[in-house]
2 protein chains.
Amino acid sequence: MNAHDTTVEGAAALRDPRPAPAGAAHEVLAVVFQIRQERLSVLLWRRARPPFEGRWSLPGGRLGADEGLDDSIRRQLAQKVDVRDLTHLEQLETRGDPCRHPQGRILATAYLGLVPADIDPLVPEDTRWHPAADLPPMGFDHAAIVHSGRRRLRAKLSYTNVGFALAPPEFTMSELSRYYRAALGHDVAATNLRRVLLRRGQIEETGRFVPSGRSGGRPAALFRFRARRLEITDAFAVLRPPSGG
Amino acid sequence: MNAHDTTVEGAAALRDPRPAPAGAAHEVLAVVFQIRQERLSVLLWRRARPPFEGRWSLPGGRLGADEGLDDSIRRQLAQKVDVRDLTHLEQLETRGDPCRHPQGRILATAYLGLVPADIDPLVPEDTRWHPAADLPPMGFDHAAIVHSGRRRLRAKLSYTNVGFALAPPEFTMSELSRYYRAALGHDVAATNLRRVLLRRGQIEETGRFVPSGRSGGRPAALFRFRARRLEITDAFAVLRPPSGG
DNA sequence: TCCGGTTTTGGTCTTGCAGGCTAAAACTGG
DNA sequence: CCAGTTTTAGCCTGCAAGACCAAAACCGGA
């Protein structure tokens with residue numbers, strides 16, 4: 001699940017310590033996902049200048065001199081989307097391969113951001129949503145970072161309530177199952193999804209119904225997520241403490 | 001589970017972009033765990049000089065000028081333990097709070113490392129194993145990083161085979177249950193652990209038995225982990241793809 | 001040799017969750 | 001009023017985890 005797992009199998013390179021560096025540049029990047037037209041989409045930005053001119057890259061930029069990582073990614077993203085639309089943001093991974101950036105040593109800390117499906121945030125001219133399953137030609141190692149983000153999102157849909165960040169404030173079960181299908185990449189039966197999320201206490205009925213006449217069928221109940229911040233489904237801690245204690 | 005989750009609730013600070021920094025220093029740190037005397041222990045290093053003189057801190061150091069993050073943490077750790085004893089190493093999180101280091105802006109990427117329980121690696125004079133549940137006074141934000149590591153390890157014991165990195169090459173089930181108890185912080189019934197790990201295909205019998213006369217009871221069978229690198233238990237992907245596909 | 005103590009092992013039983021399936025409910029439009 | 005569509009509710013199965021218990025296998029001492 002964690003993108004950057006490494007195992008010490010082949011003995012590591014153990015050269016002598018090198019002189020401490022003057023300091024490497026650091027950038028923050030964000031993989032911002034939104035379900036658009038039944039597809040998991042990622043916000044990308046088209047580079048107007050070398051390196052990788054004309055290719056697409058993740059939004060982000062250099063870390064400010066006196067700025068926290070979380071603050072920085074929010075500031076950078078504010079130039080692309082309304083940050084009030086960002087319903088979730090978490091750190092994903094840090095990449096530090098010396099060759100990852102042609103202009104020299106630049107470390108990158110990547111974040112995973114989510115925008116709910118019902119809105120269409122205004123984005124700048126050079127910025128577009130692309131299907132995460134069909135990425136355009138991308139610069140740097142950004143395609144790999146997008147894949148890390150997809151893996152993380154898929155995993156967390158299983159054992160957390162991240163769905164709240166993908167879905168609008170109110171939704172029908174068939175809508176929600178379409179969001180899950182888009183994010184997971186396979187069908188999700190609305191009837192099972194409903195039972196699972198209700199039992200876990202993640203969602204609840206609002207008591208209201210979708211305006212009648214919309215679909216030609218039985219009017220669907222509107223649901224909402226109980227919490228709007230990340231919670232872990234404790235049922236997924238196997239090897240749990242014994243019940244009698 | 002992921003240590004650095006953040007949610008955009010209160011609108012983020014959205015100041016104007018600042019001038020790009022010349023470059024911030026970067027360090028790598030490692031939370032190295034080993035089960036010692038029935039307790040989860042972490043390798044710490046006693047600082048001989050300010051800042052935080054006399055306090056304990058995580059092993060690590062400055063990132064080399066032309067060095068990858070993984071390479072760097074292995075190089076730094078080689079000064080403390082034999083890296084061949086490191087059975088697992090994975091990236092944990094990156095911290096970039098401007099105030100985290102009194103000497104100025106230093107980012108830190110932390111790793112989680114594991115050493116199997118049967119060995120007693122030679123460590124330098126200033127380096128000691130401390131119980132992770134009872135940390136000595138620590139400098140910087142290192143205590144918080146150790147807690148992140150504990151959370152990560154506990155979670156991964158549930159849905160991966162990380163146990164291989166905590167246990168010696170061969171072990172009895174009661175030994176293994178004690179390792180799990182130390183890492184998880186609660187009792188783990190050996191009989192259930194055996195069935196769970198066997199069914200998941202994580203462990204297998206070696207066919208050999210512990211030398212008789214050791215315990216006064218029935219001789220215990222020796223087990224081993226089938227794989228010696230991280231694998232995820234797929235049973236934990238809920239909302240899995242429909243069976244007929 | 002037998003017996004109590006100890007530890008491991010194998011089995012049963014219960015519980016809870018996930019997911020497939022189907023019938024009923026509730027609406028629309030003709 | 002009926003056919004078509006969509007949602008809802010219930011039933012059933014399968015599987016994994018954990019509690020519990022009895023049998024197995026060893027030790028040491030009487």
Side-chain angles (χ1 to χ4, degrees), chain A residues 157-161 163 170-178 180-181 184 186-223 232-245, chain B residues 157-161 163 170-178 180-181 184 186-223 232-245:
Chain A
L157 279 174
S158 272
Y159 65 88
T160 72
N161 63 344
E170 299 194 346
F171 47 83
T172 69
M173 286 316 299
S174 47
E175 282 168 26
L176 189 65
S177 75
R178 284 194 291 272
Y180 273 72
R181 178 178 59 185
L184 291 172
H186 59 75
D187 275 352
V188 176
T191 178
N192 288 332
L193 184 66
R194 170 194 161 101
R195 191 162 14 83
V196 169
L197 297 188
L198 276 175
R199 176 170 39 209
R200 291 184 178 177
Q202 286 186 20
I203 61 173
E204 63 188 359
E205 290 193 70
T206 63
R208 305 197 303 110
F209 293 84
V210 82
S212 191
R214 185 67 59 189
S215 64
R218 173 173 174 168
L222 285 172
F223 290 80
I232 296 176
T233 304
D234 53 348
F236 277 82
V238 164
L239 308 175
R240 17 186 178 304
S243 51
Chain B
L157 279 173
S158 271
Y159 65 89
T160 73
N161 64 343
E170 300 194 344
F171 47 85
T172 69
M173 285 315 299
S174 48
E175 281 168 26
L176 190 65
S177 74
R178 284 194 291 272
Y180 272 73
R181 179 179 58 185
L184 291 172
H186 59 74
D187 276 352
V188 175
T191 177
N192 289 331
L193 183 66
R194 170 194 161 102
R195 191 167 16 82
V196 168
L197 297 188
L198 277 175
R199 178 171 36 210
R200 291 184 177 178
Q202 287 185 20
I203 61 173
E204 63 188 0
E205 289 192 71
T206 63
R208 305 197 303 110
F209 293 83
V210 83
S212 193
R214 186 67 59 191
S215 64
R218 173 173 174 167
L222 285 172
F223 290 80
I232 296 176
T233 304
D234 52 349
F236 278 80
V238 165
L239 309 174
R240 19 185 176 305
S243 51

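Remember, it's a predicted structure, so these values are computed and weren't measured experimentally. Order of the sequence lines sets the chain letters (A, B, ...), proteins ahead of strands, with each chain counted from 1.
Nearest heavy atom pair, residue B/Met173 against residue B/Ile203, reads SD-CD1, 3.8 Å.
Set against C/dA18, D/dT8, C/dG20, the side chain of A/Val196 has C/dA18 as its closest nucleotide. Counting only heavy atoms from C-beta on, A/Pro219 has its side chain closest to C/dC27 among D/dC26, C/dG20, C/dC27.
With rounding to whole Å, A/Gln202 atom CD is found 13 Å from C/dC17 atom P. Atom CZ in B/Arg208 sits roughly 17 Å away from atom P in C/dT8 (whole-Å rounding). For B/Leu184 and D/dG18, the CG to C1' distance is 15 Å, given to the nearest whole Å. Taking atom CG of B/Asp187 as the reference point, atom C1' of D/dA19 lies 14 Å away to the nearest angstrom. The CZ-C1' distance, from B/Phe223 to C/dT7, rounds to 14 Å in whole Å. As a whole-Å value, the separation of A/Arg199 CZ from C/dG16 P is 11 Å. Rounded to whole Å, the distance from OH on A/Tyr159 to P on D/dA16 is 21 Å.
Mapping B/Leu239 and B/Met173 onto DNA chain C via the closest heavy atom, the residue that lands nearer the 5' end is B/Met173. Both B/Glu175 and A/Ala189 lie near DNA chain C, and the one whose nearest nucleotide falls closer to the 5' end is B/Glu175. Judged by closest nucleotide on DNA chain D, A/Leu222 is the one of A/Leu222 and B/Asn192 placed further toward the 5' end.
With hydrogens and angles ignored, a donor-acceptor pair under 3.5 angstrom links the side chain of A/Arg218 to the base of C/dA25. No N or O donor and acceptor, one from the side chain of A/Arg195 and one from the base of D/dG10, sit under 3.5 Å apart.
Scanning for side chain to side chain donor-acceptor pair (under 3.5 Å) contacts around A/Glu170 gives A/Arg208, with sequence neighbours left out. With sequence neighbours excluded, the residues that form a ring pair (Phe, Tyr, Trp, His ring centres under 6.0 Å) with A/Phe171 are A/Phe225. Residues satisfying the side chain to side chain donor-acceptor pair (under 3.5 Å) criterion with B/Arg199, sequence neighbours excluded, are absent altogether. With sequence neighbours excluded, no residue satisfies side chain to side chain donor-acceptor pair (under 3.5 Å) with B/Ser177. Partners of A/Arg195 according to the salt bridge (Lys or Arg N to Asp or Glu O under 4.0 Å) rule, which considers only residues two or more places apart in sequence or in another chain, do not exist here.
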Please produce a list of atom pairs where a protein N or O lies less than 3.5 Å from an N or O of nucleotides 3-5 of chain C.
from  : atom 1 : to       : atom 2 : distance (Å)
C/dG5 : N2     : B/Gly216 : O      : 2.8

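Atoms CZ and CZ, on A/Arg218 and A/Phe209 in that order, are 8.0 Å from each other to the nearest 0.5 Å.
Close to D/dT7, at under 4.0 Å from its OP1 or OP2, lies a side-chain N or O of A/Ser174.
Using a 4.0 Å heavy-atom distance criterion, A/Thr172 is classed as making no nucleic acid contact. Within the nucleic acid shown, B/Ala221 comes within 4.0 Å of sugar-phosphate atoms alone, with no base atom in reach, counting heavy atoms only.
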